[in-house]
There are 2 protein chains.
Amino acid sequence: MGNRERIIETTLRLMNELGAEAVGTNRIATETGVSPGNLYYHFSNREEIVHTLFDALEDEFHDVLQRDVVRPLPPERIAAFYLRTFDLAWRYRFFFNGTLGLLRRDPVLAARYQGLQRWGIAELGSIAAGIAEDGNLTHPRGAAGIASLALGTWLIWSNWIGFLQISGITDIQRSDMTAGINQLFDVIAPYLEPEFEAAIRECIANQWAP
Amino acid sequence: MGNRERIIETTLRLMNELGAEAVGTNRIATETGVSPGNLYYHFSNREEIVHTLFDALEDEFHDVLQRDVVRPLPPERIAAFYLRTFDLAWRYRFFFNGTLGLLRRDPVLAARYQGLQRWGIAELGSIAAGIAEDGNLTHPRGAAGIASLALGTWLIWSNWIGFLQISGITDIQRSDMTAGINQLFDVIAPYLEPEFEAAIRECIANQWAP
DNA sequence: GTCTATAAGCAGATAGAC
DNA sequence: GTCTATCTGCTTATAGAC
């Protein structure tokens, strides 16, 4: 693996561990085992490394939100979908933890992230609408209710890992993640058919997407 | 008003506008209209200013979560309570937006914040339990369900303003805040008596705690 | 209490040798 | 492609005059 790839990998690791704002180019270079000069040979500045990481996040995000989301939506597929989204949020946690700080200093990234977020929330809405069309979800408030579910689940999803870290949980366990998924699911559950909900809960408890 | 108070005020304003990590002591001093030396006469370091702001947040937080929370809990009191909590989150938004970054560099603050958070979530649970004892809320999952409501509403409350800012909304309107309160309420609503919910929604729409 | 001037350290980024 | 050495600009914090 070339230095460029190793720099990207080190940056992701360090920013996840320490937070994006605490990781400088000198440190990235040292921990990668290259010189600062070499880092600036591969990237024109620090922002460009973060952009590259965002490219990867974006790709994986699009993939996760579309791969398993094919009607009909049985409990296993829905559970697998949520497990994957939480795994993604974990692997790029530096981004979701410090989003606002990152976006304030980088208008280009801000615009890209806002697009991703809009698309993500809309996609969560489509999934909920799909479950409703399958006859497994009934929201008394119709389209507005579905939109609220989408936004409510987005807020919990995008902030769950940050919440764990703020709470002082240093090494996050599998159980902390399933707790988050169940927390997210509590928002949707009141509108699901009871057997359907139970089936999803069981899938969540028994599997974990690596 | 003395320089000490003006420094605190300026710090709160700047950190809310620009994010805590972007605000240095030089800038605080300049915008307050005092010298860096004078700032360090009043505070031994930058952390101490943030601690002082946290003291104020803590006081107001305890006040808000206890003042209006006296049984029985009629719709007006509940609505007023939530309006006040959102107002608080707005006035100290720098803290909730960049919590993790702040806590990583300041273990003392981290411990204090974790205590506040634990207490806040427990208090939200007590409020929900109080509504249930008044006969206006029925959660099929009992105590576990109440705990989930408390955590779910905490997550939305503490992240709503950050979400607005990340979304690119620069000047937050009253309507953006009521949208957040309604979003938070959507988590509780499925378990409320319908007339009770309607009464709260109307209070939320019609008042605003300054 | 308040100021000016400055120390000490670290950040991002560049020049030029190899 | 990779290195060493360095520049510039910023930060927190202090010394000492007034």
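None of the values given here were measured: they were computed from a predicted structure.
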Margin query: Counting the atoms with a prime plus P, OP1 and OP2 as sugar-phosphate, which does B:Gly24 contact under 4.0 Å by heavy atoms, base, sugar-phosphate, or nothing?
Written below: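 Sugar-phosphate: the residue B:Gly24, judged by heavy atoms under 4.0 Å, touches backbone atoms but no base.
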Looking at the side chain of [X], which of [options] is the nearest nucleotide?
X       : options               : result
A:Tyr40 : D:dT12, C:dG12, D:dT4 : C:dG12
B:Asn45 : C:dT2, D:dT12, D:dA13 : D:dA13
B:Asn38 : C:dA13, D:dG1, C:dC3  : C:dC3
A:His42 : D:dG1, C:dG12, C:dT2  : D:dG1
A:Tyr41 : D:dG1, C:dT2, D:dA13  : D:dG1

Taking atom [atom2] of [N] as reference, at what distance in whole Å does atom [atom1] of [X] sit?
X       : N      : atom1 : atom2 : value
B:Ile7  : C:dG1  : CD1   : P     : 11 Å
B:Leu39 : D:dT14 : CG    : P     : 12 Å
B:Arg46 : D:dT14 : CZ    : P     : 15 Å
A:Glu21 : C:dG12 : CD    : P     : 12 Å
B:Glu48 : D:dT12 : CD    : P     : 15 Å
A:Glu5  : D:dT2  : CD    : P     : 11 Å

Margin query: Can you confirm whether or not the ring centre of A:Tyr92 sits under 6.0 Å from the ring centre of A:Phe54?
Written below: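 So the answer is no for these two rings.
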Check: Is it true that B:Phe96 and B:Trp157 have ring centroids separated by less than 6.0 Å?
Finding: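 Yes, the ring of B:Phe96 comes within the 6.0 Å limit of the ring of B:Trp157, centre to centre.
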Checklist line | Check ion pair A:Arg13-A:Glu9 (N to O, under 4.0 angstrom) | finding: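 No, this pair does not count.
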Note to self: If the threshold is 4.0 Å, N to carboxylate O, is there a salt bridge linking A:Asp87 and A:Arg174?
What the structure shows: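 Here A:Asp87 does not pair with A:Arg174 in a salt bridge, since their nearest N and O are not under 4.0 Å apart.
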Checklist line | Nearest-nucleotide 5' precedence on DNA chain C, A:Thr25 against B:Gly33 | finding: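 Here B:Gly33 is the residue nearer the 5' end.
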Next item on the list: Kindly say if A:Asn3 contacts the phosphate of D:dT2, meaning a side-chain N or O under 4.0 Å from OP1 or OP2.
Entry: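 Answer yes for this pair, as a side-chain N or O of A:Asn3 is under 4.0 Å from OP1 or OP2.
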